[in-house]
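Beneath this line is the structure, given in structure tokens, with notes to follow.
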Amino acid sequence: MALVAFLLAISPWAVYSASSKPHIVHIMLDDTGRADLNNPLVEAPVMQRLMSEGLQFSNHYVFRVCSPSRSSLQSGRYPWALGLYDNDGSAYDNNNATGDNMAIPAAYKLLPERLAELGYETHAVGKWHCGFAQKAYTPTYRGYKTFLGYYKAMTKDYWTHQSDIDCGETFVKDMTDAEGSTLRSSYDNTTFDADLFGDRAVNIITQHNVDNPLFLYFALHNEHDPHQAPRWIIDRFKHVPDDTYKVTAALIYSMDQQIARVVQALNETGMLENTVLTFTSDNGGPLDHALNYNTFTGDGRFKFRGGKHTMWEGGVNSIAWMWSPLLPQAVQGTYYDGLVHISDFAPTYVEGLAGGQFTAAPGTYNVTSVNLWPSILDPSQSSPRDEVIVSVQSPYAPATCHQDKWLARACTAVIRKGAMKLILGPAGDPRIILVNNSSPEPVEFGHSGGKCDGEHCGSKGYHGPDKHGAIPCQDGCLFNLTADPSESNDLYKQPEYARVVQDLTARLAAAGASAPPWAIIPGMEESKEWSDALCHVSRPYGTVMPLDYTN
């Protein structure tokens, strides 16, 4: 608890005057729900402190799953504008987009490239999930000086880092340690990945020349599947009666400890006073293991329906906040209630913090993201964004795609303009699951499906959707989110809202008509079978490698 004591001793709101470009640390959380960090069952004192004293973004929009949201941050574009309509094209007939052959198109200059041009030293640690099958799409070929982490989603094991590419009897992990044009295995297959990533992040900070601005993208794997945690952490949560939620609480605690280490390193190097820390989750918390607790603000602000995989607010309005000694006192400990899309942080960093220009390169989709920094500094200014187009239907992603196991469709079109949100197509599992029960007696792990292999423990999620019930929004839904944040009162068929439905439908149609083909890497369009080729290339290195990499 020494790290926590250190942070509680910080006087974060002294007034600093930065004479140089600020350091930027963007912390990407994985599958963290809006209420996870303030649930009374968990221990997250560091993040709770930084969140309560920072600026919380109450309308921060993402996609319903990982890769599109992450790609949006890196590119400063809506995911659908990149051709990233989902993690893959499996919901569509005759679609060869497998995920492995997809990437942010090469024409786009990414955030680290832009910041490097402005004098920043750029590093990435953790989960990438923005393309890897050719080396030009990997982090150190797209602007990062170094990268340690997963190219893909990582759904196998937090300790062995095993890839989800099936290479038969050959063990191939997905943990790359890259510097510049050199890609190599991390040579580590026994360390819990949060510890591994925390070690690297701290090392980057302590070795950094503080006279130069730093951009660190720190993308932890917690709380994503396969839902595992060390036994010693799980044993802290004997008051949590359920194994699945014990693991979730342990993952949150682990995440909090690594973030404490990063903040401590920034402070010890003298960088913290000129650093902007931003936290975002790539999507909402999954209903099968998120610790939803929807009364923590006391005002019902985040009583959201649904979770990851769905188009409800619980899936696409994700937790996000900013902490920095550079924030004015007037915004400390407050909410930013204007509309925000995760892509907005790219121009906010480039223009607002680094003093550059965020312009579109030839052959790329128009810049639809906005610089939030002026409205962050001055609470009297409104957000420069008046709409968010979460997803569209296009000639390449038609409305006929298949429904997934969470009762949603990737091709459901969603827009929010002002207070009004239109959903065209199945929105997904509509439940609100509250988890806040504490056991009066200690409950050992393993009583409700959890299993351990020595000190390595895990528990699968559950609470699957009711597949026999009605599927909301098949024909369309309209909600006033200011009056109805839990999306309980559908206005779609009410006559007085007919013009709103008409206008928002037309806006979605226009956006969809301009959307590009799927973002499949050129030359990889014709086949869905890339596992054998990737295994052939990766086996000699012991870790997933791009098809065209040789060393």
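Because the structure is a prediction, the values reported are computed rather than measured.
- The main-chain N or O of L478 is found under 3.5 Å from a side-chain atom of D490 such that the two form a donor-acceptor pair.
- Side-chain contact between V435 and D242: absent, with no pair of heavy atoms (C-beta onward) separated by less than 4.5 Å.
- Although no hydrogens or angles enter the test, the distance criterion places a donor-acceptor pair under 3.5 Å between the side chain of S514 and the main chain of A511.
- Distance check, rounded to the nearest 0.5 Å: CG of L372 to CG of L339 gives 10.5 Å.
- Distance alone, capped at 3.5 Å, places no donor-acceptor pair between the T244 side chain and the H289 backbone.
- Between Q393 and C401, the closest side-chain pair of non-hydrogen atoms is not below 4.5 Å.
- Remark: K135 NZ is packed, more than 12 non-hydrogen atoms of other residues, nucleotides or ligands lying under 6.0 Å away.
- For C130, there are no disulfide bond (SG atoms under 2.5 Å apart) partners two or more places apart in sequence or in a different chain.
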(request) May I have the step-by-step check of side chain to side chain contact (heavy atoms under 4.5 Å, CB included) for L111 and V350, ending in yes or no? (result) CA-CA 8 Å; L111 174 60; V350 170; 3.8 Å; yes

(message) Before you tell me yes or no, could you show the steps for N59 and D337 under side chain to side chain donor-acceptor pair (under 3.5 Å), namely the whole-Å CA-CA distance, both residues' side-chain angles and the distance that decides it to 0.1 Å?
(response) CA-CA 6 Å; N59 292 300; D337 286 329; 4.9 Å; no

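- Between R200 and D177, at least one side-chain N (NZ, or NE/NH1/NH2) sits under 4.0 Å from a carboxylate O, which counts as a salt bridge.
- Aromatic rings from F132 and Y549 are positioned such that their centres are separated by 6.0 Å or more.
- Within the 3.5 Å criterion, the main-chain N or O of D404 finds no donor-acceptor partner in the side chain of H309.
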(message) Before you tell me yes or no, could you show the steps for H341 and R385 under side chain to side chain contact (heavy atoms under 4.5 Å, CB included), namely the whole-Å CA-CA distance, both residues' side-chain angles and the distance that decides it to 0.1 Å?
(response) CA-CA 9 Å; H341 189 265; R385 176 180 288 282; 3.8 Å; yes

(message) If you apply the rule side chain to side chain contact (heavy atoms under 4.5 Å, CB included), what do you find for E487 with L481, and how did you get there?
(response) CA-CA 7 Å; E487 297 171 286; L481 295 179; 3.6 Å; yes

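- Ion pair K173/D157 not flagged as a salt bridge, since none of the NZ, NE, NH1 or NH2 atoms sits closer than 4.0 Å to an Asp/Glu carboxylate oxygen.
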(request) Under the side chain to side chain donor-acceptor pair (under 3.5 Å) rule, what do R77 and Y108 come out as? Steps first, then yes or no, please. (result) CA-CA 9 Å; R77 302 298 202 283; Y108 287 87; 4.9 Å; no

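- Of the possible donor and acceptor atoms, one in the side chain of S71 sits under 3.5 Å from a partner among the backbone N and O of S67.
- At most 12 non-hydrogen atoms from other residues, nucleotides or ligands lie less than 6.0 angstrom from CG of D532.
- Minimum heavy-atom separation, G428 to W312: O-NE1, 2.9 Å.
- Panel note: side chain T543, backbone M175; a donor-acceptor pair is recorded below 3.5 Å.
- One finds the OH atom of Y78 at 11.0 Å from the OG atom of S391 (value rounded to the nearest 0.5 Å).
- Nearest heavy-atom pair, H129 versus C66, reported as atom, atom and distance to 0.1 Å: ND1-CB, 3.6 Å.
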(message) One pair to check against salt bridge (charged side-chain N to carboxylate O under 4.0 Å, His left out): D86 and R64. What are the steps and the verdict?
(response) CA-CA 9 Å; D86 201 358; R64 67 190 189 112; 3.4 Å; yes

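- Residue K246 forms a side chain to side chain contact (heavy atoms under 4.5 Å, CB included) with just one option from I233, I234, L251, L41, and that option is I234.
- Look at D484 and R305 and you find no salt bridge, because none of the NZ, NE, NH1 or NH2 atoms lies under 4.0 Å from a carboxylate O.
- Electrostatic pairing of D225 and K308 does not count as a salt bridge here, judged by no charged N lying under 4.0 Å from a carboxylate O.
- N101 places a side-chain N or O within 3.5 Å of a backbone atom of N96 that can act as its donor or acceptor partner.
- Within the 4.5 Å cutoff, the side chain of I432 has no heavy atoms near those of the K303 side chain.
- Using a 3.5 Å distance cut-off with no hydrogens or angles, the side chains of E313 and Y61 do pair a donor with an acceptor.
- When all heavy atoms of H227 and S459 are compared, the pair lying nearest together is CD2-O, 2.8 Å.
- Between the side chain of D429 and the main chain of L407, no donor-acceptor pair closer than 3.5 Å is present.
- Heavy atoms only, all atoms of each residue included: L196 and T191 are closest at N-CG2, 3.8 Å.
- One finds the OH atom of Y335 at 4.5 Å from the CD atom of Q56 (value rounded to the nearest 0.5 Å).
- A side-chain donor from one of D93 and H402 sits under 3.5 Å from a side-chain acceptor of the other.
- Side-chain atoms of S369 and F345, non-hydrogen and from C-beta on, never get closer than 4.5 Å to each other.
- Using a 30° and 60° split on the angle between ring planes, Y144 and F215 fall in the parallel class, below 30°.
- Interatomic distance, CD1 of I27 versus CG of L220, reported as 7.5 Å (0.5 Å rounding).
- Ring pair Y349/H26 is perpendicular by interplanar angle, where above 60° counts as perpendicular and below 30° as parallel.
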(request) Please test D282 against H224 for side chain to side chain contact (heavy atoms under 4.5 Å, CB included), starting from the C-alpha separation and ending with a verdict. (result) CA-CA 11 Å; D282 55 354; H224 196 277; 5.5 Å; no

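- Atom-to-atom distance recorded for T155:OG1 and D174:CG is 9.5 Å, nearest 0.5 angstrom.
- Scanning both residues, Y158 and N222, for their nearest heavy atoms gives OH-CA, 3.7 Å.
- Residue F192 holds its CZ atom at 9.0 Å from NE2 of H161, rounded to the nearest 0.5 Å.
- Minimum interatomic distance between M28 and S281 (heavy atoms only, all atoms of both residues): SD-C, 4.1 Å.
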(request) Would you check, one step at a time, whether the test side chain to side chain donor-acceptor pair (under 3.5 Å) holds for T146 with H123? (result) CA-CA 5 Å; T146 67; H123 299 271; 2.6 Å; yes

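- Contact check for W128 versus Q74: side-chain heavy atoms found under the 4.5 Å cut-off.
- At least one side-chain heavy atom of I252 sits less than 4.5 Å from a side-chain heavy atom of L37.
- With R34 contributing its side chain and G284 its backbone, the two residues share no donor-acceptor pair below 3.5 Å.
- Ring centroids of W518 and Y396 are separated by 6.0 Å or more, keeping the two rings apart.
- No donor-acceptor pair under 3.5 Å is formed between the side chain of D31 and the backbone N or O of G285.
- Between D100 and I165 the shortest side-chain heavy-atom distance falls below 4.5 Å.
- Looking at heavy atoms from C-beta onward, P347 lies out of side-chain contact with V367 at the 4.5 angstrom threshold.
- A ring pair (Phe, Tyr, Trp, His ring centres under 6.0 Å) with W80 is found for exactly one of Y365, Y85, F63, namely Y365.
- Below 30°, between 30° and 60°, or above 60°: for H221 and Y150 the angle between ring planes is above 60°, a perpendicular geometry.
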